[in-house]
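See below for the structure under consideration.
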Amino acid sequence: MTYLRPKARVARGATYLFVQGFVQAFLGVIYFIVLARALSDHPEEMGIFALLSFVLSLPQIFGTFALPSAAIKYISQYIAENNLDKAKSVVARTLQIGLLSSAVAFVLLFIPAEWLSKQMFNTADYALVLQVLALTCVFSILYVSASSFLQGLQRMRDVAVIGLTFAVVQDSVGIFLLYMGWRLHAVVYSWLAGLSVASVVGLIITARHLGVFGKPHQVKPLFQFSLPLYVSGGISYFIGWVDQLILVSYMSLLYGAAEAQGILGIYYVAIRASMVPTSFSTSLVTALFPQLSELYTRRGSGSLKNAFSVSLRYSVLIGFPLIVGLITLARPVIILFAGWHYIEAVEPLIIISIAALVSTLGVAIGPILMTLERTTIVSILSIVSVVISALLSYFALAYLGLGMIGTAWARIIVSIIVLALSLYALKRYIPVSFDKEALWKSSAASVFMVLAIVALDLMRKFMSSGSYEFLVIRLHLLPVYVIVGASAYFLALAALRAI
């Protein structure tokens with residue numbers, strides 16, 4: 001394997017995943033636009049879609065025992081040591097455990113599907129949906145495992161390939177079936193199609209470059225690394241869902257299941273819209289972790305300080321304008337993204353996006369702590385996060401009566417607290433600091449971008465003969481606003497000599 005400088009390695013991997021993230025986000029937006037309009041006559045089905053997404057994610061988190069994270073670390077470490085047999089043994093053991101846990105997940109969801117449908121949705125009508133979802137869970141575990149093998153091999157281009165394979169198959173099948181009138185059945189069958197094809201492709205690529213059969217690796221060192229991450233991963237998973245679960249549970253008590261699922265559907269639209277710009281930061285983390293493991297093996301902890309600086313610069317320069325742009329154009333984005341039925345999602349989207357802006361600053365902290373094998377600290381941070389999130393969400397609902405606006409504000413407070421605690425924990429092991437130049441230049445360029453968008457909107461006011469509302473535009477003008485904003489941002493970066 002050709003050795004490149006740390007910045008080049010992270011940048012090259014991030015570039016592949018950035019392109020994949022951009023295309024996948026674009027396809028995902030089109031798919032969600034079709035989905036939201038197909039379900040608009042029954043808004044509660046968007047809430048059911050959110051709950052089905054929650055169920056599908058459960059095996060990926062709890063059925064893998066966090067072994068994919070261990071696979072990334074140890075495969076990249078053994079590759080750096082030129083020990084291919086040991087790297088292959090990690091693949092064999094991870095697959096062995098993954099196949100066993102996927103079988104258990106299938107049985108637990110398939111057999112009691114009718115009962116679960118009644119408990120979750122107050123009707124047995126979704127039993128078949130849950131049974132298809134049970135089979136999908138098998139491939140979801142295999143997909144996560146295959147992706148981790150390729151990350152460990154540092155084949156980021158192939159990680160991007162299977163990610164795009166999943167997106168293209170899922171979205172094309174889903175859109176076709178939605179137009180055929182399959183509604184939520186279209187969703188689960190599209191998941192099944194995308195995950196099955198992508199997981200098979202990922203395993204074939206792994207077999208070609210390393211192999212999938214061999215003597216399995218010892219379980220103990222893998223679990224010693226992964227079990228703290230298993231705990232933190234499970235907790236982190238609930239961090240992302242705790243406000244939604246508390247929201248739908250509390251609203252069910254007040255208004256009934258159908259109304260609560262409708263409220264959850266609106267809130268989930270806001271969350272999904274906010275995930276589009278943050279997916280690029282996620283791509284950076286995916287590229288960063290295996291690079292960090294190799295750097296740490298070859299050059300020690302000193303190299304991690306430089307990697308933190310590089311990752312922060314990338315995430316800020318790319319993430320800030322995307323998130324700030326989304327905040328500025330939240331109303332037309334929601335109308336385009338989901339339609340007028342979900343216009344109440346605008347305010348939660350703005351608030352959740354502010355929380356995402358804060359989280360962007362800490363995008364590399366988790367991977368660095370895992371590279372240093374400080375997984376217990378990662379678990380503690382996750383526990384603190386979920387406890388604070390649960391308490392604040394419940395307080396906002398039960399005592400302040402703020403509804404989904406309150407749970408959105410809880411996300412901002414949690415993101416600030418988690419960033420502060422994470423930085424404090426990381427600084428105990430390596431001397432890191434923010435790239436102040438990237439921060440202020442990206443912030444200044446983002447402000448200039450907003451001013452350009454506002455100026456364009458005021459120009460629309462003077463040129464329009466009809467009624468005017470600030471930043472409430474027709475959808476055909478949205479691309480114009482995006483182009484003007486993006487151009488202003490890059491011009492400002494160039495003027496500040498940031499690029």
Side-chain angles (χ1 to χ4, degrees), residues 14-15 18-30 32-33 36 269-270 272-281 283-284 313-340 342-343 345-358 360 437-499:
T15 300
F18 176 82
V19 173
Q20 177 241 324
F22 181 84
V23 176
Q24 191 166 346
F26 177 75
L27 293 175
V29 167
I30 295 175
F32 199 85
I33 288 172
V269 165
R272 285 295 295 264
S274 71
M275 289 169 60
V276 174
T278 57
S279 64
F280 299 110
S281 296
S283 298
L284 178 63
R313 185 175 185 85
Y314 268 87
S315 60
V316 167
L317 290 176
I318 295 172
F320 269 30
L322 292 173
I323 296 172
V324 171
L326 180 62
I327 293 171
T328 307
L329 299 172
R331 184 181 177 89
V333 165
I334 283 295
I335 296 171
L336 174 65
F337 192 66
W340 282 97
Y342 300 96
I343 196 65
V346 170
E347 191 172 349
L349 172 59
I350 294 172
I351 299 169
I352 293 169
S353 296
I354 295 172
L357 203 63
V358 176
T360 300
E437 181 186 7
L439 276 172
W440 83 260
K441 288 183 177 180
S442 178
S443 299
S446 297
V447 171
F448 183 73
M449 175 187 71
V450 173
L451 292 176
I453 293 173
V454 170
L456 176 64
D457 198 66
L458 292 175
M459 187 183 301
R460 177 180 64 89
K461 174 184 178 181
F462 292 115
M463 295 178 64
S464 175
S465 58
S467 60
Y468 168 81
E469 287 185 73
F470 182 62
L471 287 178
V472 178
I473 61 176
R474 295 185 177 182
L475 295 184
H476 71 275
L477 292 176
L478 181 58
V480 178
Y481 278 64
V482 171
I483 292 171
V484 168
S487 301
Y489 178 75
F490 284 111
L491 285 173
L493 284 185
L496 293 170
R497 297 183 179 179
I499 54 175

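The basis for the numbers below is simple: all heavy atoms, side chains too, and nothing from hydrogens, waters or symmetry mates. No experiment lies behind these values; they were computed from the predicted model shown.
- Counting all heavy atoms, side chain and backbone alike, Leu349 lies closest to Ser274 at CD1-N, 3.6 Å.
- To the nearest 0.5 Å, atom CD1 of residue Ile351 and atom CD1 of residue Ile327 are 10.5 Å apart.
- Summarising the geometry, atom CG belonging to Leu478 is positioned 6.0 Å from atom CG belonging to Leu329; distances are rounded to the nearest 0.5 Å.
- Going from atom CG of Leu357 over to atom OG of Ser446 covers 8.0 Å, rounded to the nearest 0.5 Å.
- Closest approach of Gly485 to Ile453, counting heavy atoms only: CA-CG1, 4.0 Å.
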Can you list the steps and then say if Tyr489 with Leu317 is a side-chain contact (heavy atoms from CB on, under 4.5 Å)? CA-CA 10 Å; Tyr489 178 75; Leu317 290 176; 4.1 Å; yes

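- A 4.5 Å side-chain heavy-atom check between Tyr481 and Thr328 finds every atom pair outside the cut-off.
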Kindly indicate, with the supporting measurements, whether the criterion side-chain contact (heavy atoms from CB on, under 4.5 Å) is fulfilled by Phe32 and Val269. CA-CA 9 Å; Phe32 199 85; Val269 165; 3.9 Å; yes

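- To the nearest 0.5 Å, the span separating CG on Leu439 from CZ on Phe320 amounts to 5.5 Å.
- Nearest heavy atoms, Ala488 versus Met449: CB-CA, 4.0 Å.
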Between Phe462 and Met459, does a side-chain contact (heavy atoms from CB on, under 4.5 Å) hold up when you go through it step by step? CA-CA 5 Å; Phe462 292 115; Met459 187 183 301; 5.8 Å; no

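- The NZ atom of Lys461 lies 14.5 Å from the CG atom of Leu456; values are rounded to the nearest 0.5 Å.
- Side-chain atoms of Ser442 come within 3.5 Å of backbone atoms of Val316 as a donor-acceptor pair (strictly under, hydrogens ignored).
- The two residues Arg331 and Val346 make their nearest non-hydrogen contact at CA-CG2, 3.7 Å.
- Summarising the geometry, atom CD belonging to Glu437 is positioned 9.5 Å from atom CG belonging to Leu496; distances are rounded to the nearest 0.5 Å.
- Between Ala273 and Leu326, the closest heavy-atom pair is O-CD2, 3.6 Å.
- Among all heavy-atom pairs drawn from Arg497 and Lys441, the shortest one is O-NZ, 3.7 Å.
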